[in-house]
Trainee: 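Provided herewith is a single structure, encoded as structure tokens, for subsequent inquiry.
Index from 1, following the sequence. These numbers come from the heavy atoms of this one structure, side chains and all, not from hydrogens, waters or symmetry mates.
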Amino acid sequence: ASLALCFWACRQPALVCVIEVGDMSRSFAPVAILLAHAWLCSASPRQDAGHSPSLLRGGEKLIAGVPVMNYHLAAATPRLANGTPSPWTRWIVFLKNTTSNTELRDFCQGSSCRCRLAGHPSHGGVAFLEVRGTEQELEALFRKREGRAAFVEPNVELQIIPGVPSAPPQASRQISASWGLDRIGVPETERTGEGVHIYVLDTGVYTEHEDFEGRAKSVLDVSSGDAVECQGSTTCAVDRQGHGTFCAAVAGGRQFGVAKRASIYAMKVLSDQGSGSFSWSIAALDWVAFKGERPAVASMSLGGPGRLQSMQTAIDQATQSGVTVVVAAGNEDDSGCRYSPAFVPNAITVGATTEQDARASYSNYGSCLDIYAPGSAIVSAWITSPSSSKILSGTSMACPHVSGGAALLLGSNPSWTPAQVSAGLKSTAENGVIANLHFFDPRVFLSVRDASRPMEEPSQLATQSPNLVSVVLLAISAAFFFAGAVLWACAKKPTSPAVMRSPSGRELLQSGTAA
């Protein structure tokens with residue numbers, strides 16, 4: 001296992017490896033092991049193919065001194081008719097935390113770059129800009145606004161986490177419209193989520209569906225590339241795909257939902273085809289952070305491959321502003337740590353289970369998940385008529401169960417922070433009931449049965465009790481870390497003069513120093 005981890009770590013420059021792996025696991029032991037491997041790998045000099053060394057700092061791409069996160073996403077661009085790569089022109093620029101709304105709006109003034117979406121940091125929002133321009137234009141902009149940008153990242157595409165083909169539910173006896181509601185104990189709680197505001201970042205919501213009882217309205221539509229405030233219009237943030245309506249009803253529908261009296265808000269961040277840019281979701285999180293009602297839950301059944309720093313920064317700011325963010329783990333049967341926003345520590349990341357209390361075969365897994373919830377063969381509202389319904393499976397369906405559960409807690413504890421909501425969900429969860437789990441999976445399954453009892457404010461550490469496995473892993477990680485440090489120190493000894501006189505050797509040593 002350690003050899004496999006070392007191979008994985010050595011595929012990248014050491015600093016990049018450390019950055020990407022640093023919060024891959026929410027357990028200390030695997031982090032320490034991978035850091036040791038990455039440190040050891042840094043002793044092997046490398047040349048970063050395809051990038052000018054003058055633009056690299058420790059394996060990190062720079063544009064006018066500004067770090068470019070996940071630059072490889074921009075390198076994988078479509079090709080023009082003549083076969084040459086087309087220049088990447090879509091970026092998300094994050095400015096420093098001290099930036100004001102005015103400074104953000106003026107950032108692109110007088111440059112050839114075009115700023116489209118912008119955050120509202122002066123009011124608790126996200127200090128970001130969606131910028132259109134080539135690398136050369138971006139470099140000129142950064143030099144003109146020297147010291148203002150914190151980092152930049154390619155503005156890549158994300159999608160709904162698609163539903164998996166579903167067979168009808170197998171439960172022969174159930175009280176609720178969907179077996180998942182019975183399984184997590186919705187009929188056994190008196191709480192309804194009244195007074196809580198659930199913002200559904202998705203394909204829009206069919207607000208006129210009867211399951212919402214008039215509690216759903218549209219607030220924001222970013223699917224055109226501009227942030228359009230809906231003011232409750234039924235022609236804004238319209239769901240023509242169905243995914244957003246389905247998820248919204250699971251979170252807060254009367255018949256299909258968990259929090260049956262919560263207010264539902266449609267935020268269209270995906271097109272009618274189910275895709276969109278990461279900047280659209282960041283703009284929606286910014287809106288909820290600076291303008292949304294409280295207490296608030298943001299439900300995000302969407303994602304894409306890679307660990308985007310821009311998404312983590314946006315979610316961190318939203319949670320700091322008091323918004324509980326719940327996200328789907330993904331349907332790739334892969335580590336959730338490889339996907340955004342599933343990897344973000346401050347988000348509540350949800351995996352999916354079946355009626356047989358097993359991890360669904362499609363569900364992502366791993367240490368970046370927080371909790372599991374029903375996801376297979378879920379029944380919820382659909383867009384074909386005000387009374388229509390559909391059966392779907394996926395972590396997209398599990399996510400709004402937890403969003404509704406969070407709303408139930410906030411309904412009785414409106415002053416709770418997102419960290420307290422996360423701890424509260426885990427403190428009332430069932431433990432050790434899920435089969436087919438991976439080693440680092442959370443062992444907790446959503447339950448709202450105890451939500452009707454008065455609860456004390458939970459501690460963030462309440463669900464982090466140590467066990468024998470973690471102690472053993474800690475000891476192993478310490479041994480690997482020590483061995484890696486010794487070997488790294490040995491590798492720093494001067495190489496032979498023959499190697500030093502080799503031109504190719506000098507090139508490797510120079511790039512190795514940067515790494």
Trainee: So how far is it from W382 CH2 to L392 CG, rounded to the nearest 0.5 Å?
Mentor: 5.5 Å
Trainee: Identify which one of L369, D441, T353, N364 satisfies the side-chain contact (heavy atoms from CB on, under 4.5 Å) criterion when paired with R359.
Mentor: D441
Trainee: Please state whether the sulfur gamma atoms of C337 and C368 sit closer than 2.5 Å to each other.
Mentor: yes
Trainee: Looking only at atom types and distance, does a side-chain atom of Q174 sit under 3.5 Å from a main-chain N or O of S176, one as donor and one as acceptor?
Mentor: yes
Trainee: Charged N to carboxylate O under 4.0 angstrom, R183 versus E430?
Mentor: yes
Trainee: So how far is it from Y199 OH to L285 CG, rounded to the nearest 0.5 Å?
Mentor: 12.0 Å
Trainee: Side chains of S277 and S279 only: does a donor on one sit below 3.5 Å from an acceptor on the other?
Mentor: no
Trainee: If we ignore angles and hydrogens, is there a donor and acceptor under 3.5 Å between the side chains of Q420 and N413?
Mentor: no
Trainee: Under a 3.5 Å distance rule, please check whether S396 uses its side chain to pair with a backbone N or O of I161 as donor and acceptor.
Mentor: yes
Trainee: So how far is it from H209 NE2 to S388 OG, rounded to the nearest 0.5 Å?
Mentor: 4.0 Å
Trainee: Just list the side-chain donor-acceptor pairs under 3.5 Å for residues 248-262, sequence neighbours left out, or say none.
Mentor:
| residue | atom | partner | partner atom | Å |
| --- | --- | --- | --- | --- |
| R254 | NE | E213 | OE2 | 3.4 |
| K260 | NZ | R254 | O | 2.9 |
| K260 | NZ | G257 | O | 2.8 |

Trainee: Would you check if there is a donor-acceptor pair between the side chains of D286 and H120 at a distance under 3.5 Å?
Mentor: yes
Trainee: Around H123, counting heavy atoms of other residues, nucleotides and ligands shown, do more than 12 lie under 6.0 Å from its NE2?
Mentor: no
Trainee: At what distance, to the nearest 0.5 angstrom, does OG of S385 lie from OH of Y206?
Mentor: 6.5 Å
Trainee: In chain order, what residues pass the side chain to side chain donor-acceptor pair (under 3.5 Å) check against D211, with sequence neighbours excluded?
Mentor: none
Trainee: CG/L408 to CD1/I184 distance, rounded to the nearest 0.5 angstrom?
Mentor: 8.0 Å
